[in-house]
Amino acid sequence: MTTRTIMHLDMDAFFASVELLRRPELVGQPVVVGGRGDPNRRGVVSTATYEARQYGIHSAMPLRRALALCPHAVFLPVDLAAYRAASEQVFARLRELSPRLEPVGLDEAYLDISHRDEPPRALGAQVKQAIREATGLTGSVGLAPNRLLAKIASDLEKPDGLTELTVDDVPHRVWPLPVRTLHGVGPRTGERLSGLGITTIGELAQTPVERLATVFSPGHARDLHERAHGQDDRPVAPRRRRKSIGRETTFQTDCRSSARLAHLAEEMLEGLLPRLTERGLRARTVTVKVRYRDFVTHTRSRSLPTPTDDRDALAAAADACLREHRLHRAVRLLGVTLSQLSDAPAEGQQLSFV
Ligand SMILES: [Mg+2]
């Protein structure tokens, strides 16, 4: 068993904090960053300040809903160029600490600092200060012997936290937390666990693997059990580039309305955009997949001259793909995928098709 020291850094309300730097008059107010900054148009919350979160606003929530929860919130448009610039500053400070760095989006990273002689807490304080001096922003640092606990630790004292967790801390600091806090426990796994009467990590830890294996595969059951005990052996490694982001929907009853399909394709694209932008990516190719009632499946793609995260350009490409399909037939499945992803800056984005 290798002994590691892992640091997890998570910037605090990153997009919103970058906005507040240039709008200091908004500090202390509920501020929501999302879409084009107009809550009466479509779009979802990218980041909300802690003041806004007190109204129940959270990321991925429709802007309209955020407005209903907090009518006096200030809504701002997403300005990725500004967040990327701040992010580069943050990552430059992290790289000084360790070359073994794994970014997660623009505002989060894992670092393996096992090779450093200094006490981890001192390194954590040092990097927080360096980031603050370079950007004026705060982040929360978690330190632990593995990734799983480092991520839990960075969240424990947010914002501006600096938290160490050891395996010995797991029973009193980790077990009281909701089971959904565990990395890899999504809504579906969470639901199945609650079906077994498990809602906290501690309850999961105390459930025999054999009982978990009645609803999960043996491998997944063992994995959940180990994670609940704070064990995780995944190394920190540069993340492999995602190749595509997509969604598909199978209809309850076959769809025969091309207008409805066009509307759904646009909605699905809207749902993909936050996943694109939160990773700091742009897409060049849009693919629309249609499966007809007889299971014959066709895909159509459009590539833009340059990668983009512009909603209208991607929506127009999706619409052009859709119109090539034979939509008078009954359709049972619709899928939208963005691919040829890159994080290169787009210069002079054009909206015409190749
Ligand atoms: Mg964050």
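All ligand and atom numbering here is 1-based and tracks the order in the structure.
Scanning for salt bridge (charged side-chain N to carboxylate O under 4.0 Å, His left out) contacts around Asp312 gives Arg36, with sequence neighbours left out. Residues passing the side chain to side chain contact (heavy atoms under 4.5 Å, CB included) test with Ala330 are Asp254, Arg256, Arg293, sequence neighbours excluded. In terms of the side chain to side chain donor-acceptor pair (under 3.5 Å) criterion, residue partners of Arg329 (sequence neighbours excluded) are, by chain and number, Asp294.
Tested against Asp12, the residues Lys158, Arg132, Arg53 include a single salt bridge (charged side-chain N to carboxylate O under 4.0 Å, His left out) partner, Lys158.
More than 12 heavy atoms of other residues, nucleotides or ligands shown are found within 6.0 angstrom of CZ on Arg23.
Protein N/O/S atoms closer to the Mg ion (ligand 1) than 2.8 Å number 3 in this structure.
One hydrophobic cluster, built from ILVMFWY side chains closer than 4.5 Å, holds both Leu314 and Val290.
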